[in-house]
Protein chains: 2
Amino acid sequence: MARSTNARRPATLASLAAELGVSRTTVSNAYNRPDQLSPELRRRVLETARRLGYPGPDPVARSLRTRKAGAVGLLLTENLSYAFRDPAAVGFLEGLALACEDAGQGLLLVPASPEREDVAAVHRAGVDGFVVYSVPDDDPHLAAVLERPVPTVVCDQPELETVDRVGIDDRSAITGLARHLIELGHHRIGVVCMRLGRDRNDDFVTLERQRSAHFHVQRTRLAALADAFAGVGVDWATVPVVERFDHTTASGESAAAQVLDRDPEITALICTSDILALGALTEAGRRGLRVPQDLTVTGFDGIPEADRAGLTTVRQPVLEKGRAAGRLLLDNAEHGRPRKVTLDTELIAGRTSGAPRAAAQIWYGP
Amino acid sequence: MARSTNARRPATLASLAAELGVSRTTVSNAYNRPDQLSPELRRRVLETARRLGYPGPDPVARSLRTRKAGAVGLLLTENLSYAFRDPAAVGFLEGLALACEDAGQGLLLVPASPEREDVAAVHRAGVDGFVVYSVPDDDPHLAAVLERPVPTVVCDQPELETVDRVGIDDRSAITGLARHLIELGHHRIGVVCMRLGRDRNDDFVTLERQRSAHFHVQRTRLAALADAFAGVGVDWATVPVVERFDHTTASGESAAAQVLDRDPEITALICTSDILALGALTEAGRRGLRVPQDLTVTGFDGIPEADRAGLTTVRQPVLEKGRAAGRLLLDNAEHGRPRKVTLDTELIAGRTSGAPRAAAQIWYGP
DNA sequence: TGTAGGGACCGTAACGTTTCAGAACCAGTT
DNA sequence: AACTGGTTCTGAAACGTTACGGTCCCTACA
């Protein structure tokens, strides 16, 4: 008797059942399987619930019992703001969120801060699976995810043995771009790339660092560029490659400046993202360089801003990438373990690429 | 004996303890309170865990016991894509995500699809609190959130009795904008606003619909505009107000066209968001209207694109709004129930507002 | 009148963890 | 020899739910 009145503790399924004089199962059924009990009793259960302030079955307890969390975890790159500032990342997020919504699943952004090596957040995440987007391959959070016994899809990541993967063919995509520039006659080039590891190196990149880059996408693109230009006789070791930790247009500006200071004779500046390329365009303008007459600038991603600027770039279907990742994860099909989805890319020859200026072309002489 | 070998069931804290011949508590402590057991035993526990493939304490079971989910739920407007296409919404999201990350909390996007009246998703969300961003005040999802016994913060929402609120002073913000236009001499105006309810009405808006709009922000802004212009003798009933369900620049274009078709004599077009205003600028250009000589166009939000376009608008600190919402929710302070945070806004007088063309000004004649 | 069938409800056993109050032990102090 | 204080570990009780395999009773049909 002290029980019912004294009950300042929040109502529970059991207390409701006790109050009603029915079993817990019946109360549970009132919420989850209305067809399992008479409408009249159900009405009484729901009404009593309202009266006692019972808010319905506890989601966590339900998850424990059913072994379903109803959510997908998203682990993304170290800097959270990056993800929301880069239109390509936002597009990915949108696609993933749409796929989750279609499946009625939540999307949990896992707080994987870079400073705090807080792998615990990965352990704490109550999710049925993970999507890992563009993290360095030596990230401890990634390792923690792989230890969790849930399905995982990685994006823009090297192939892992145990998990599904979605991405593009970075090598062929950027090779197409390189070929475009080579056909235009460029052979003296510079490169601006995103960060290659978890350490900050806002400077030139050694060949060794290029080779051992921990961001798969950047590593692949640089290697493919090196191969492509080596194929036409360019000594890659002489090509200035500059790295930027922060992924902003300001970084693109300063990186372009650094490359142009090192070698003012370059005729083309290849950037591994549109954001960086847009910054490079600004820097070119600041120096009075006409694009593309004096300098060709290219990007990568195909974000709307790039389109508006007429940037020569490689378009990748970012939204589709997110959606594919979500679908892959949520597809209950008995999948023959590691599935791969590779999406198509498209070379966009914009207004920022053209033949190199005459002086440089002479090199190829008559 | 059949037990240990036959155990194809995944390892659990209990099975680990049994294997080691220690209590569950000790295994638990090995993970959560390393100081509570000898280093040697801890090492043995962890090693055995690895050997048995025990992935560490189950997050859901832990949540059930500790009554902490370690995540915040975000309920946002009906169309998910909207949230990722509108820079203002993305900014909010970024701020919120940052606040969550600071607190080591996850951020769960609740799949509240508009079609499916799937309130169940709200019930299923294992979170310690909710942030509700810009949903109509009659949204069933909002009602479901309010029934959950967890703290909640609403954004851009009318004040609710039981929950915290963060937002701006929409009335005074847009009144400042109206005053700016009035001072310039505008009295014949048109308005383009975002959707006012859950139903689609891509058309003119009756006074009644304006009054009963379910989106608090839009309702407030329209009412404030009406008051401001009524104050200088404008009969608000004659002011064309056009609504658009989709929040895109294309909507802005067509809405502007609709207003200008109805009344080509207007000298100013007030849009309740920058996205709509940017579309309106496009439409104005298409009609050969010079801005601001022939037509003044204003927006709201202060997104980067608006800045680039020199749009006259009201800047609101979207990132701060998200961050404030997160902080409010995660602040464990014993808060005297409903707390309010109202952020400052700033009128940005850009290049898209100016004095009305001569013909219209005559109305004020000497 | 016996019985098959089905609707309505129930009891018990998990689900895997953390928490709390102690027990056991050991070394050092009085 | 009794006490103190600390470290290390334990046992049992939650946390709130759903799954499983029933039981019971009522109706309809042969």
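The sequence lines fix the lettering, A, B, ..., with proteins before strands; numbering per chain opens at 1.
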Q: Give a yes/no answer on whether the side chain of B:R67 brings an N or O atom under 4.0 Å of OP1 or OP2 in D:dC15.
A: no

Q) Any idea which heavy atoms bring B:V122 and B:R148 closest together, and the distance? A) O-NH1, 2.6 Å

(Q) Counting the atoms with a prime plus P, OP1 and OP2 as sugar-phosphate, which does A:V22 contact under 4.0 Å by heavy atoms, base, sugar-phosphate, or nothing? (A) sugar-phosphate

Q. Nearest nucleotide by nearest heavy atom, which residue falls closer to the 5' end of DNA chain D, B:A61 or B:S23?
A. B:S23

Q: Rounded to the nearest angstrom, tell me the gap between atom CD in A:Q36 and atom P in D:dG21.
A: 14 Å

Q. Looking for any heavy atom pair under 4.0 Å, which part of the strands does A:N29 touch: base, sugar-phosphate only, or nothing?
A. nothing

Q) Which is true for B:L64 with a 4.0 Å heavy-atom rule: it touches a base, it touches only sugar-phosphate, or it touches nothing? A) base

(Q) Under 4.0 Å, heavy atoms only, any strand: does A:R24 hit a base, just the sugar-phosphate, or nothing? (A) base

Q. Base, sugar-phosphate, or nothing for B:T12, non-hydrogen atoms under 4.0 angstrom?
A. sugar-phosphate

Q: Would you kindly give the CZ-to-P distance between A:R62 and C:dT17, to the nearest whole Å?
A: 21 Å

Q. From D:dT18, C:dG11, C:dT19, pick the nucleotide closest to the side chain of A:S28?
A. D:dT18

Q. What does A:R42 touch in the nucleic acid at a heavy-atom separation under 4.0 angstrom: a base, only the sugar-phosphate, or nothing?
A. nothing

(Q) Distance check needed: C:dT17 P versus A:R124 CZ, whole Å only. (A) 15 Å

(Q) So B:T26, base contact, sugar-phosphate only, or nothing? Heavy-atom distance under 4.0 Å. (A) base

Q | Rounded distance in Å - CG (B:L13) to C1' (D:dC15) | A | 15 Å

Q. Hey, are A:R44 and A:E40 close enough for a salt bridge, meaning a charged N less than 4.0 Å from a carboxylate O?
A. no

Q) Of the candidate nucleotides D:dG16, D:dA14, C:dT12, which contains the atom at the shortest distance from the side chain of A:T25? A) C:dT12

(Q) Walk me through whether A:R67 and B:D58 qualify under salt bridge (Lys or Arg N to Asp or Glu O under 4.0 Å). (A) CA-CA 10 Å; A:R67 317 260 19 158; B:D58 180 285; 2.9 Å; yes

Q) Which part of the nucleic acid, if any, lies within contact of A:Y54, taking any heavy atom under 4.0 Å across all strands shown: a base, the sugar-phosphate backbone alone, or nothing? A) sugar-phosphate

Q.
Would you say A:R65 places a side-chain N or O within less than 4.0 Å of OP1 or OP2 belonging to D:dC15?
A. no

Q.
I want to verify a distance call: between D:dA19, C:dT19, D:dT18, whose nearest atom is closest to the A:N32 side chain?
A. D:dT18

Q) Between D:dT10 atom P and B:L41 atom CG, what is the distance in whole Å? A) 8 Å

Q) A:L98 and B:L80: which non-hydrogen atoms are nearest, and at how many Å? A) N-CD2, 4.0 Å

**Q.** Nearest-0.5 Å distance, CZ of residue B:R327 to CD of residue B:E320
**A.** 6.5 Å

Q. Under the ring-ring contact (aromatic ring centres under 6.0 Å, His included) test, which residues partner B:Y133, sequence neighbours left out?
A. B:F92

Q. Reckon A:S38 touches a base, only the sugar-phosphate, or nothing at all at heavy-atom distances under 4.0 Å?
A. sugar-phosphate

**Q.** Under-4.0 Å side-chain N/O to phosphate OP1/OP2 contact, A:R33 with D:dA19
**A.** yes

Q) At under 4.0 Å between heavy atoms, what does B:L37 touch on the DNA or RNA strands: base, sugar-phosphate, or nothing? A) sugar-phosphate

